[in-house]
> 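Provided herewith is a single structure, encoded as C-alpha cells, for subsequent inquiry.
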Amino acid sequence: MGFMTNKRILITGVASNRSIAWGAAQAMRREGAELAFTYQGEKLQGRVTDLAASCDSNIVLPLDVSSDEQINVCFDSLAEHWDGLDGIVHSIAFAPKEELEGNYVDVLTREGSRVAHDISSYSFAALAKAGRDMMRGLNGALIAMSYLGAVRAVPNYNVMGVAKASLEANVRYLAAALGPEGTRVNAISAGPIRTLAAAGIADFRSMLKQVEERTPLRRNVTIDEVGNAAAFLCSDLASGITGDITYVDTGYHILGLG
Ligand code: NAD
Ligand code: 0WE
C-alpha cells in the first residue's frame, strides 16, 4: 500500500508533462493519493485534463491566483467533490520577463515587484487561507516550490529571488499559524530544471552544465526526484517536519568556490 493512500491532494501549476507539479502529481498518485488539478487559463485546460485523466482524476478546475474570485470559486468547487482536503501543492511563479535578465537595479520596477510577489508568494498564503476550513484537523500539508535565489544573489534571477525569499518566509509564518490545527507547511528548493518556466531564460543551458560539472552528484535533478520529495513532505512519513525548506538540488547549495 502506498504511503499516500486516502490522501486527497490539490495540485496547482501543471502546464506540461515537464512541470515540477507534474512530477509531484505522478509520485503522489503512485503512492495512492487521490488528486485534483488546477490550470491557469483556457489554453491549458485540455492538456491538464488529459494529464489528470492519466492519474485517474476528473477534478480539473480553473485557477488564476491573481484573482480572489477564482481562488474562492476553486475551493467552493473542490468542496463539491471532496468533504476534506489533505494537501495542496503550490508550484506557481511569475515575474515579467524583462526583470529576469540584467542588473537587478537597472531592470527593477514597482509593478514588476508587485506582480512577482503577488503571484509567487502571496498566492501561497492565499491558497492556505482558502483551503483552511477543508484541511483543519486532518494532519494535512502544504508545499511550495522555491529556488536557491531566495537566499543567494543569483545572476538574473533578480526580483524573483526577493519573491522566493518572501515565499520561504511565508512557509515559516504559515507553519506557525496552521500547526496548532494540524497542518504542516514546507517548501522544496529545487535545482534548475528545463520546464516552460525555464524556457528563454538567459544562460539556462550553462547553469545546467555547471550543475553537472560541480555538484556532489555530478548531474541535474529531475521532476521525479522533486516529486518524490514532495510526496514525502505531504505524507504522514513527514509528520514531524514543518516550516522547513528541503533542498532537492544534487547538493549544489552546500558548495563554496572550488
Ligand atoms: P512550469 O512553467 O511548468 O510551471 C509554472 C506554473 O505556474 C505554470 O503551470 C503556470 O500556469 C503557473 N502560473 C503562473 N502564473 C500563474 C497564475 N497567475 N495563476 C495560476 N498559475 C500560474 O515551470 P516549473 O519550473 O515547473 O515551475 C513550478 C515552480 O517551481 C515555480 O514556483 C518555480 O519557481 C519553481 N522552481 C522551478 C525551477 C526550475 O528550474 N524550473 C527550480 C526551482 C523552483
Ligand atoms: O523560478 C524560476 C523561474 C520562474 C519564472 C519564469 C518565467 C519565464 C517567463 C518566473 N517568471 C517568468 N516570467 C516569464 O515571462 N526558476 C527557478 C527557473 C529559473 O529562472 C531563472 C533562473 C532559474 C533557475 C532566471 C534567471 C536565472 C536563473
Side-chain angles (χ1 to χ4, degrees), residues 2-13 20-21 23-25 27-36 38 65 71 75 78 82-93 117 119-152 161-191 221 223 225-249 251 253-254:
F3 63 74
M4 294 195 75
T5 303
N6 294 327
K7 295 282 191 191
R8 294 155 297 186
I9 310 291
L10 180 66
I11 309 275
T12 71
I20 292 174
M28 291 181 182
R29 181 63 195 153
R30 185 193 70 221
E31 296 304 331
E34 268 188 72
L35 305 179
T38 71
V65 294
I71 292 173
F75 281 90
L78 191 63
W82 290 345
D83 61 3
L85 178 64
D86 302 289
I88 302 175
V89 175
H90 178 285
S91 190
I92 291 171
H117 284 79
I119 305 302
S120 315
S121 174
Y122 170 74
S123 67
F124 185 48
L127 296 189
K129 195 173 165 85
R132 185 179 192 180
D133 288 340
M134 279 185 86
M135 293 189 70
R136 202 187 305 275
L138 296 180
N139 297 323
L142 308 175
I143 60 163
M145 297 300 164
S146 193
Y147 175 61
L148 187 65
V151 294
R152 310 269 185 82
V162 183
K164 289 298 192 190
S166 166
L167 176 69
E168 292 188 3
N170 251 323
V171 168
R172 293 183 283 273
Y173 278 88
L174 291 169
L178 300 176
E181 51 203 63
T183 303
R184 296 178 300 101
V185 187
N186 293 289
I188 290 170
S189 184
V221 78
I223 63 165
E225 290 174 314
V226 177
N228 282 335
F232 163 71
L233 287 171
C234 266
S235 79
D236 296 339
L237 292 176
S239 55
I241 304 175
T242 195
D244 210 5
I245 314 297
T246 298
Y247 284 80
V248 182
D249 69 346
H253 74 286
I254 69 164

> Step by step, work out the side chain to side chain contact (heavy atoms under 4.5 Å, CB included) result for Phe232 and Thr246.
CA-CA 11 Å; Phe232 163 71; Thr246 298; over 6 Å; no

> Would you give me the side-chain donor-acceptor pairs under 3.5 Å for residues 124-133, sequence neighbours excluded?
unit_1: Arg132; atom_1: NE; unit_2: Glu181; atom_2: OE1; d: 3.4
unit_1: Arg132; atom_1: NE; unit_2: Glu181; atom_2: OE2; d: 2.8
unit_1: Arg132; atom_1: NH2; unit_2: Glu181; atom_2: OE1; d: 2.8
unit_1: Asp133; atom_1: OD1; unit_2: Arg136; atom_2: NH2; d: 2.5

> Could you tell me whether the side chain of Ile92 reaches within less than 4.5 Å of the side chain of Ile119, counting heavy atoms only?
yes

> Quick one: does Leu85's side chain get under 4.5 Å of Leu78's, heavy atoms only?
yes

> Please check: side-chain N/O of Ser120 versus main-chain N/O of His117, any donor-acceptor pairing under 3.5 Å?
no

> Taking C-beta and beyond as the side chain, do Leu178 and Leu142 meet within less than 4.5 Å on heavy atoms?
yes

> Check whether Thr12 reaches the backbone of Ser91 with its side chain - one donor and one acceptor, N or O, closer than 3.5 Å.
yes

> Assess whether side chain to side chain contact (heavy atoms under 4.5 Å, CB included) is satisfied between Ile188 and Leu233, documenting all intermediate values.
CA-CA 9 Å; Ile188 290 170; Leu233 287 171; 3.7 Å; yes

> Given 3.5 Å as the limit, does a donor-acceptor pair link the side chain of Asn186 with the main chain of Ile241, or not?
yes

> What are the two closest heavy atoms between His90 and Ser123, and how far apart are they?
NE2-OG, 2.7 Å

> How close do Leu167 and Ala144 get, heavy atom to heavy atom, and via which atoms?
CD1-CB, 3.9 Å

> Say you draw a straight line from OG1 of Thr183 to CG of Asn139; how long is it, rounded to the nearest 0.5 Å?
8.0 Å

> Step by step, work out the side chain to side chain contact (heavy atoms under 4.5 Å, CB included) result for Val221 and Asp249.
CA-CA 6 Å; Val221 78; Asp249 69 346; 5.9 Å; no

> I'd like to check Met145 versus Val226 (side-chain heavy atoms, cut-off strictly below 4.5 Å). Are they in contact?
yes

> Return the CG to CG distance between Leu10 and Asp86, rounded to the nearest 0.5 Å.
11.5 Å

> For the atom pair CG (Asn6) and CG (Leu138), what is the distance rounded to the nearest 0.5 Å?
12.0 Å

> Could you tell me which residues satisfy ring-ring contact (aromatic ring centres under 6.0 Å, His included) with Tyr122, sequence neighbours excluded, listed by chain and number?
none

> Name all residues meeting the side chain to side chain donor-acceptor pair (under 3.5 Å) criterion together with Glu168; count only those two or more places apart in sequence or in a different chain, and write none if there are none.
Ser146

> Testing the basics here: between Asn228 and Ala27, what is the closest heavy-atom pair and its distance to 0.1 Å?
OD1-CB, 3.6 Å

> List the residues meeting salt bridge (charged side-chain N to carboxylate O under 4.0 Å, His left out) with Glu225, not counting sequence neighbours, and say none if there are none.
Arg219

> Check Ala21 against Ile11 and note the closest heavy-atom contact, atom names and distance.
O-CG2, 3.7 Å

> Who pairs with Tyr247 by ring-ring contact (aromatic ring centres under 6.0 Å, His included), at least two apart in sequence or on another chain?
His253

> Can you give me the closest heavy-atom contact between Ala24 and Ala230, atom names plus distance?
CB-CB, 4.0 Å

> Looking at residues at least two apart in the chain, or sitting in another chain, which of them share a side-chain contact (heavy atoms from CB on, under 4.5 Å) with Glu34?
Arg8, Trp82

> Quick test of your reading of the model: are Arg172 and Asp244 salt-bridged, counting only N-O distances below 4.0 Å?
no

> For the residue pair Ile9 and Ile88, establish whether any side-chain heavy-atom pair is separated by less than 4.5 Å.
no

> Treating Arg29 as the side-chain partner and Leu35 as the backbone partner, does any N or O pair qualify as donor plus acceptor under 3.5 Å?
no

> Any heavy-atom pair between the side chains of Cys234 and Met28 that's under 4.5 Å?
yes

> Please tell me if the side chains of Ser235 and Glu31 come closer than 4.5 Å, counting only heavy atoms from C-beta onward.
no

